[in-house]
Amino acid sequence: MTMQGKSRYAEVFAASRKDPEAFWSEAAKAIDWTKAPSKAFDANQGVYGRWFPDGELNACFNAVDRHVATRGTQTAIIYDSPVTGSQRRITYRELQGEVEALGAVLQDQGVAKGDTVIVYMPMIPEAVVAMLACARIGAVHSVVFGGFAAKELATRIEDAKPKLILAASCGIEPNRVVAYKPLLDEAIELSSVKPQSVVLFQRPQAEAAMKPGRDHDWAQAVAAAKASGKKAPCVPMKATDPLYVLYTSGTTGKPKGVVRDTGGYCVALAWSMRGLYDIQPGEVFWTASDVGWVVGHSYIVYGPLINGSTTVVYEGKPVGTPDPGAFWRVIAETGAKALFTAPTALRAIKKEDPKAEYLAKYDLSGFRALFLAGERADPDTVKWAEDILKVPVIDHWWQTETGWAIAGNPVGLGLLPVKHGSPTVPMPGYDVQIVDEGGKPVGPNTMGSIVIKLPLPPGNLPTLWHADDRFRESYLTMFPGYYNTSDAGFVDEDGYLFIMGRTDDIINVAGHRLSTGGMEEVLASHPDVAECAVIGIKDSLKGEQPCGFVVLKAGVNRSPLEIEKEIVGLVRDKIGPVAAFKIAITVNRLPKTRSGKILRGTMKKIADGDSWSMPATIDDPAVLDEIAASLKSKGIAG
Ligand code: COA
Ligand code: AMP
């Protein structure tokens with residue numbers, strides 16, 4: 001297969017590489033600046049350079065206010081919530097009213113430009129309003145996913161040092177109401193940093209008790225701001241000022257605070273909405289993710305709104321709310337032109353409705369494309385989706401750090417031939433290379449580390465929150481001059497990328513990024529555990545699921561089953577239900593090299609039933625048989 005046809009991709013990509021300054025200066029015209037940037041890039045600022053160094057703008061103005069004059073009555077947000085049985089539409093004009101009022105509430109609480117605000121909210125429109133209100137007044141938001149436990153929230157409070165926390169009283173999972181307020185109170189208790197105030201959105205499903213003096217009722221405060229005519233204006237920000245910090249799993253229990261700048265991000269998102277997703281202003285774009293993830297930041301909130309499109313806030317699941325037709329219903333009812341979700345969601349639908357009988361109930365005639373990301377899109381799932389939907393199914397690859405796709409199939413420039421298993425080609429601005437362990441480029445079809453030549457394009461992280469050195473160490477040191485993606489893969493003879501897995505301890509469970517190192521820290525904290533290893537093993541629905549091996553301390557003579565149960569509970573308690581940690585296995589010893597390194601890779605191959613060879617450096621080969629036997633005893637293939 002060759003890249004041919006009518007796509008403008010080759011020409012546009014070449015232009016971005018030949019003259020990045022001209023390319024991104026042109027792209028910057030899609031944004032309203034209070035001070036237009038005189039140049040696109042300054043190599044001398046920041047860790048590897050900064051985008052639009054002298055530009056000034058406000059992200060909320062670009063996402064909301066600038067559309068009000070021309071599309072004030074257009075729906076900005078469609079809220080669809082099968083878990084509460086409600087739907088709601090909010091126009092651009094109404095959205096402006098909400099963010100002006102909440103912005104004023106934040107200012108009344110003393111939040112000023114440069115302060116941080118943590119947002120701990122479920123998939124309700126108020127979460128979007130919260131983020132935009134922060135952006136409006138120049139506060140740096142940090143959204144924490146609702147599926148994390150109090151300790152994870154506490155770690156983020158500790159690092160982000162928020163002046164204020166915006167939260168809701170609860171989230172709603174199909175099988176339970178998740179009361180957020182007790183988790184929030186516990187997190188604040190655990191953290192040495194205490195926010196001055198909490199503004200809490202009460203939901204009827206679980207009204208929370210308020211702490212006098214610290215907690216304020218969201219609805220009352222917003223109503224009071226509106227009644228007194230208080231409206232927060234958009235504060236001009238430097239393009240290089242942070243818009244948000246989003247924490248993501250690192251190789252230890254301490255998450256990394258990915259910093260997003262304001263100007264480069266707005267420009268990159270504006271480009272991607274047209275060039276990659278082919279969505280026009282006024283059209284509906286639905287991203288079925290969560291505002292707690294990067295995908296939600298970029299393509300539930302900022303991307304579609306900056307583009308003047310309509311976004312969908314969906315509070316539900318692909319299956320079980322109430323059936324596997326949920327996604328097709330939402331597409332039909334909202335008129336979404338494209339859906340962006342994780343492959344795991346499609347696998348869930350396919351499992352329950354393999355013949356797509358639910359699809360036949362809905363009119364999807366206006367639907368143009370399905371985009372997948374968050375984990376590898378396995379060819380079987382892609383093929384199934386193509387067969388049933390009869391639209392292009394597009395895998396694209398990105399990371400929290402990059403903020404938008406590193407590689408994809410640019411529908412807006414003209415679709416390139418799809419190859420199952422590949423997220424297609426690098427997006428403009430990305431110089432993606434495959435290198436060996438010594439950093440030497442390898443040829444086509446040879447596996448290696450995937451790296452991006454510096455500078456990273458607009459939208460990508462300039463650094464980690466107050467941690468330039470950790471940023472350098474984590475991403476820039478291993479291959480000097482390059483950003484290390486920590487993904488491994490290859491490029492084929494046509495220049496198509498294939499992403500095969502991580503080179504670090506990160507695993508991907510149901511499209512959620514998790515650190516096995518972080519889980520090991522939790523396992524090791526159990527008083528009966530001497531040592532442990534956590535690996536990600538294949539799962540037909542979630543892609544991977546974590547599996548923990550523990551060696552008990554000498555002299556412990558409690559029932560291993562009981563300890564395993566406690567360990568499962570401990571991970572849920574310390575990291576959260578999202579870790580989906582359900583398998584703990586007690587073993588007598590772990591397989592190690594003669595120098596004491598645990599052979600996690602070999603253990604994974606055994607668990608996945610993949611072929612494996614005996615590592616030459618193994619200390620005692622018999623341990624691997626013991627591991628295989630213990631996996632079998634738990635019903636895991638091996
Ligand atoms: N708040 C509280 N708990 C949450 C939560 C949230 N926002 N999101 C998930 N959880 C809980 C779930 O209820 C579940 O708890 P349980 O162990 O009591 O059942 C646990 O975390 C694991 O969740 P998940 O791995 O998502 O599994 P699931 O069984 O709830 O759903 C899928 C399975 C495949 C339907 C679901 O994972 C899905 O739709 N994933 C999409 C992934 C995605 O959007 N990724 C973002 C990148 S694009
Ligand atoms: P996150 O930061 O949560 O978006 O997770 C990023 C990681 O998810 C990447 O480094 C990859 O390992 C994986 N990932 C995301 N999208 C894809 C994709 N399209 N194909 C393969 N892996 C992906």
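Order of appearance sets the numbers: ligands from 1, and atoms from 1 within every ligand.
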Short N or O distance, Arg513 and ligand 2, threshold 3.5 Å exclusive: yes
Best match, Asp395, Ile499, Asn508, Asp378: closest heavy atom to atom 13 (C) of ligand 2: Asn508
Protein residues having a heavy atom less than 4.0 Å from any atom of ligand 1: Phe145, Gly146, Gly147, Glu173, Asn175, Arg176, Val178, Ala288, Ser289, Trp293, Val295, Lys317, Pro318, Ala342, Thr344, Ala373, Ala510, Gly511, His512, Lys542, Arg572, Pro577, Val578, Lys582
Any N/O pair Arg502/ligand 2 closer than 3.5 Å: yes
Tyr314 ring center near Trp286 ring center (under 6.0 Å): yes
Trp398 contact mode with ligand 2 (heavy-atom cut-off under 4.0 Å): backbone
Residue pairs passing the side-chain hydrogen bond (donor to acceptor under 3.5 Å, both in side chains) test where at least one lies in residues 296-305, sequence neighbours excluded: His141-Tyr302, Tyr265-Ser298, Ser272-Tyr299
Derivation of the side chain to side chain donor-acceptor pair (under 3.5 Å) call for Glu315 and Tyr79: CA-CA 8 Å; Glu315 190 181 28; Tyr79 169 56; 2.7 Å; yes
Nearest heavy atoms of Tyr244 and Val140, plus distance in Å: CA-CG1, 3.7 Å
Which segment of Ile506 sits under 4.0 Å of ligand 2 when only heavy atoms are counted: neither
For atom 18 (C) of ligand 2, the protein heavy atom that lies nearest, with its residue and separation: Glu375 O, 3.2 Å
Structural part of His396 in contact with ligand 2, heavy atom criterion under 4.0 angstrom: backbone
Under 3.5 Å: donor-acceptor pair, side chain of Arg260, backbone of Glu401: yes
Qualifying residue, where the test is ring pair (Phe, Tyr, Trp, His ring centres under 6.0 Å) with Tyr430 and the options are Tyr482, Tyr483, Trp404, Phe13: Trp404
Minimum-distance pair of heavy atoms, taken over all atoms of Gly517 and Asp505: N-OD2, 2.8 Å
Plane angle bin for Phe145 and Phe148 - parallel if under 30°, tilted between 30 and 60°, otherwise perpendicular: perpendicular
Ring-ring centroid check Trp328 Phe367, cutoff 6.0 Å: no
Close aromatic pair by centroid cut-off 6.0 Å: Trp218 and Phe201: yes
salt_bridge(Lys604, Glu544) N-O dist < 4.0 Å: yes
Test item, Gly374 contacting ligand 2 (heavy atom, 4.0 angstrom): yes
Polar contact flag for Val294 and ligand 2 (N/O pairs, less than 3.5 Å): no
Heavy-atom nearest neighbour of atom 4 (O) of ligand 2 within options Asp487, Thr400, Thr402: Thr400
